[in-house]
Amino acid sequence: MTTIAARGSVPQPESRRDELQDKGFSYVLAFTAFFVLIALAGAALSMLWGGRHVLAQEGLSFFFSAEWNPVENRYGALVPIFGTLVTAVIAMIIAVPVSFGIALYLTEVAPSWLRTPVGSAIELLAGIPSIIYGMWGLFVLVPVMTEYGTPWLNDHLGTLPVIGPMFQGPPIGIGMLTAGFVLAIMVIPFVSSVMRDVFLTVPSRLKESAYALGATKWEVVWDIVLPYTKSAVVGGIFLGLGRALGETMAVAYVVGNTVRFSVSLLEPGTTIAALIANDFAEATDTYRSALLLLGFVLFIVTFFVLAIARLMLMQLARREGLK
Amino acid sequence: MSTTRTAEASTRVAERLYRKRRIVNRVAIILSCAAAIFGLFFLAWILWTTISKGIGSISLALFTENTPPPMQAGGLANAFFGSAVMCALAIVIGTPLGIAAGTWLAEYAGARKIGTVIRFVNDILLSAPSIVLGLFVYTLVVAQMGGGFSALAGAIALAFIVLPVVVRTTDEMLRLVPAQMREAALSLGVPQWKVIVQVLYRGASAGIVTGIILALARISGETAPLLFTSFGNQYWSTDLTQPMASVPVVMNQFTASPYETWQSLAWAGALVLTFFVLVLSMIARAILLRNKTSND
């Protein structure tokens, strides 16, 4: 009796050791998990800290001034911010309909034996390194744009009212339109694979009911699948937007790297990421600080875009989980 | 008389509507096929470009000789070596951290809010622009060491790309391991850490390895985070505290040059790199596929 009671109250050294090891193990794991949080916060804060010199010099006008002149030590971020947004928007205008078409093809249109190989091939596009897109863009796409793209745009879209000025420019091939186009090809695999995956979560009895009522494939996709997956589709689009905003090497090759404001999409411009990639290694003092602050701006913008994307994607997952 | 006429008119309307629906459907299907062809077309075009421009410069010298001065023959040996060293180091740094953090999320976080927050932040880190990570490591490592570029800084920057990939796959794969395995092991009196290390990791190993391979595929082509961390080096270097050459950065430097020898070396590098990355992602896919079928 007493021995049992003693055994109950005083743990044996072996189980004591197990308990300690267990505790230690869980603390180490918890620390590494928090390290992920620290890494993200540290990334943001380190750039803000590095950007303090230029913030002290320019104040908030850094974000609203279009004057970027390292020679005279004046820094305004409006032009690279504008270029980043414009190239990303061009990319999304091209990528969203194409990705939707690919997802439609992979879930409803293609014969089933073709779906896996075509889907895998499109996903391979996501695996190609960014710098290869840049080299391809510069050496292959730019000559094509110079020869055919720009003259055609000048003649046809350039003469239109309102949007005309956006498509008038010299036939140099590099510029924001080319950059946006390369970006579009780069984000298509991401957006289309999210769309395909969420389209596959639609319960087949919903689709079958619609087909039984005589709906066409297009009506099933437009009226049943798309409303059901709306939030996740938007999430996928924002995921692609986040990629497009932060893409560096591919853009740096074809955007022209000129910090100058221009209405025309055929004129060279620049983006935040491309500007940093080109100038950071040679920049000194305030210029380096300005580029770090630009990096901070890019980080904040992509953070919010990606956060929206994740929230939208979680919404569908949560609804799926409730059932 | 009039009723038949209205009936006739309504069937005509119905037919017209039907035809219109069919045409819309046909157009949508044709456009979706066109979208798929659009994607495949650019994949083929880009691959063809790297092959046709790079194949001519593939030779033994590419792997045995260092990057040459302008207008001279040479290879990319020091760049291949540098890339291998930095990628290996990044995997060595990032993988244990990632597996540990992923394990905490799957096994210890439970339904706690902080687990959701970390998962969310990790997903953002997963798609964060890589140039931002380069800037981060620049201020964290390079600037602290007096502004000297180093291979170590490059590896750390790459490790920050490896980390979220491994966290995510570990978390997902561990949660796929059936709860009975945990319960069976725990009921035998095995401490939890031993359950995780000896039972759960075994069940999730194929998935975790896939994650590591995908991470390696991603970092081996990364240029932006290396530009101002590891910088570049014209010579063979094994010193981790010194600048080190890497394939993407050399490609970047050589493509921008007017020298034909440099440009063709850049394309040869592009071909090797693309081949390597695509083979890695196919291996990862094959592991996943084999695992899926064996579980069924």
Side-chain angles (χ1 to χ4, degrees), chain A residues 18 21-22 25-26 28-30 32-33 35-37 39-40 42-43 46-47 49-50 98 101-102 104-105 109 118 120-122 124-125 127-133 135-136 140 185 188 216-219 239 242-243 245-246 248-249 273 276-277 280-281 292 295 298-299 302-303 306-307 310, chain B residues 21-22 24-25 28-29 31-36 38-40 42-43 46 49-50 97 100-101 103-105 108 118 120-125 127-133 135-136 139-140 160 163 167 191-193 217 221 223-224 227-228 231 248 251-252 255 266 270 273-274 277-278 281 285:
Chain A
D18 283 345
Q21 282 172 340
D22 247 358
F25 188 69
S26 78
V28 170
L29 293 193
T32 57
F35 181 76
V36 174
L37 281 183
L40 197 78
S46 71
M47 283 182 290
W49 176 247
V98 173
I102 291 174
L104 171 62
Y105 180 81
V109 177
V118 173
S120 314
I122 300 283
L124 280 189
L125 268 179
I128 297 176
S130 159
I131 186 168
I132 309 273
Y133 279 96
M135 292 167 70
W136 171 79
V140 179
I185 300 168
I188 280 171
T216 61
K217 271 183 181 158
W218 170 250
E219 285 163 348
L239 210 59
R243 292 251 165 206
L245 288 169
T248 311
M249 295 318 290
I276 297 171
F280 192 82
L292 280 167
L298 176 65
F299 180 82
T302 47
F303 180 88
L306 293 172
R310 290 295 163 194
Chain B
R21 285 174 53 209
R22 277 189 50 174
V24 168
N25 186 48
I29 286 178
L31 285 181
S32 97
C33 293
F38 181 87
L40 296 177
F42 282 103
L43 175 71
I46 291 167
T49 305
T50 53
L97 276 175
T103 310
W104 190 81
L105 287 177
Y108 291 89
I118 293 179
F120 189 78
V121 164
N122 186 66
D123 278 349
I124 288 180
L125 205 56
S127 0
S130 56
I131 188 147
V132 163
L133 297 172
L135 285 181
F136 172 41
T139 45
L140 191 75
F160 275 110
L163 178 71
V167 171
Q192 196 174 5
W193 73 272
T223 320
L227 286 175
F228 25 82
F231 200 61
M251 275 161 60
N252 184 41
T255 326
L273 192 61
T274 312
V277 168
L278 293 187
S281 51
R285 220 171 273 273

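- Within the model, atoms CZ of Arg310(A) and OG of Ser127(B) stand 5.0 Å from one another, a figure rounded to the nearest 0.5 Å.
- Counting heavy-atom pairs closer than 4.5 Å to chain A, the top residue among Asn25(B), Leu105(B), Thr139(B) is Asn25(B).
- The part of Leu239(A) that comes within reach of chain B is its side chain, from C-beta onward, which places non-hydrogen atoms under 4.5 angstrom from that chain.
- Comparing Leu163(B), Leu278(B), Thr255(B), Thr274(B) by heavy-atom pairs within less than 4.5 Å of chain A, the highest count is held by Thr255(B).
- Heavy-atom distances place the side chain of Leu273(B), and not its backbone, under 4.5 Å from chain A.
- Between Leu135(B) and Gly295(A) the shortest heavy-atom distance is CD1-CA, 3.7 Å.
- Summarising the geometry of Leu40(B) relative to Ala121(A), their closest heavy-atom pair is CD2-CB, 3.6 Å, with the distance given to 0.1 Å.
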- Task: Could you please spell out the steps behind the side chain to side chain contact (heavy atoms under 4.5 Å, CB included) verdict for Ile29(B) and Trp218(A)?
- Result: CA-CA 7 Å; Ile29(B) 286 178; Trp218(A) 170 250; over 6 Å; no
- Query: Could you go step by step and tell me if Tyr133(A) and Phe42(B) meet the side chain to side chain contact (heavy atoms under 4.5 Å, CB included) rule?
  - Reply: CA-CA 10 Å; Tyr133(A) 279 96; Phe42(B) 282 103; over 6 Å; no
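- Phe160(B) and Phe35(A) have parallel rings, their planes meeting at less than 30° on a 0 to 90° scale where 60° marks the start of perpendicular.
- Between the CD1 atom of Ile122(A) and the CG atom of Leu43(B) there is a distance of 7.5 Å, given to the nearest 0.5 Å.
- Looking only at heavy-atom pairs under 4.5 Å with chain B, the residue among Tyr105(A), Trp136(A), Phe299(A), Phe25(A) that has the most is Trp136(A).
- For the atom pair Ile132(A) CD1 and Thr223(B) OG1, the distance stands at 8.5 Å (nearest 0.5 Å).
- Between Arg285(B) and Ser120(A) there is a side-chain heavy-atom pair separated by less than 4.5 Å.
- Between chain B and the options Val109(A), Ile131(A), Val28(A), heavy-atom pairs under 4.5 Å are most frequent for Ile131(A).
- Listed options Leu104(A), Leu298(A), Thr302(A), Ile276(A) were ranked by heavy-atom pairs under 4.5 angstrom with chain B; first place goes to Ile276(A).
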- Kindly determine whether Phe280(A) and Leu227(B) satisfy side chain to side chain contact (heavy atoms under 4.5 Å, CB included), including the steps that lead there. CA-CA 9 Å; Phe280(A) 192 82; Leu227(B) 286 175; over 6 Å; no
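- Of all heavy-atom pairs spanning Gly101(A) and Ser32(B), the tightest one is O-CB, 3.3 Å.
- If you tally non-hydrogen atom pairs under 4.5 Å between each of Val121(B), Leu31(B), Asp123(B), Leu140(B) and chain A, the highest count goes to Asp123(B).
- For Ala270(B), the parts lying under 4.5 angstrom from a heavy atom of chain A are both the backbone and the side chain.
- Only the side chain of Thr248(A) comes within less than 4.5 Å of a heavy atom in chain B; its backbone stays farther off.
- In this structure, the portion of Val277(B) lying under 4.5 Å from any heavy atom of chain A is its side chain and not its backbone.
- Shown here for Val98(A) and Ala35(B), the closest heavy-atom pair between the two residues is O-CB, 3.4 Å.
- For the set Ile188(A), Ile185(A), Val118(A), the count of heavy-atom pairs under 4.5 angstrom toward chain B peaks at Ile185(A).
- Within the 3.5 Å criterion, the main-chain N or O of Gln192(B) finds a donor-acceptor partner in the side chain of Asp22(A).
- Counting heavy-atom pairs under 4.5 Å between each of Leu97(B), Val167(B), Val132(B) and chain A puts Val132(B) at the top.
- Nearest heavy atom pair, residue Ala277(A) against residue Phe228(B), reads CA-CE2, 4.3 Å.
- Looking at Met135(A), both its backbone and its side chain come within 4.5 Å of chain B, counting heavy atoms on both sides.
- Trp104(B) and Ser26(A) get closest at one heavy-atom pair: CD1-O, 3.9 Å.
- By the side-chain hydrogen bond (donor to acceptor under 3.5 Å, both in side chains) test, Thr32(A) is found to be paired with no residue, residues two or more places apart in sequence or in another chain being considered.
- With chain A as partner, the option from Phe136(B), Phe38(B), Tyr108(B), Phe120(B) having the largest number of non-hydrogen pairs under 4.5 angstrom is Phe136(B).
- The contact between Thr49(B) and chain A is made entirely by side chain atoms (from C-beta outward), counting heavy-atom distances below 4.5 Å.
- Residue contact with chain A, scored on non-hydrogen atoms closer than 4.5 Å, is absent for Ala34(B).
- Only the side chain of Thr50(B) comes within contact range of chain A, judged by heavy atoms closer than 4.5 Å.
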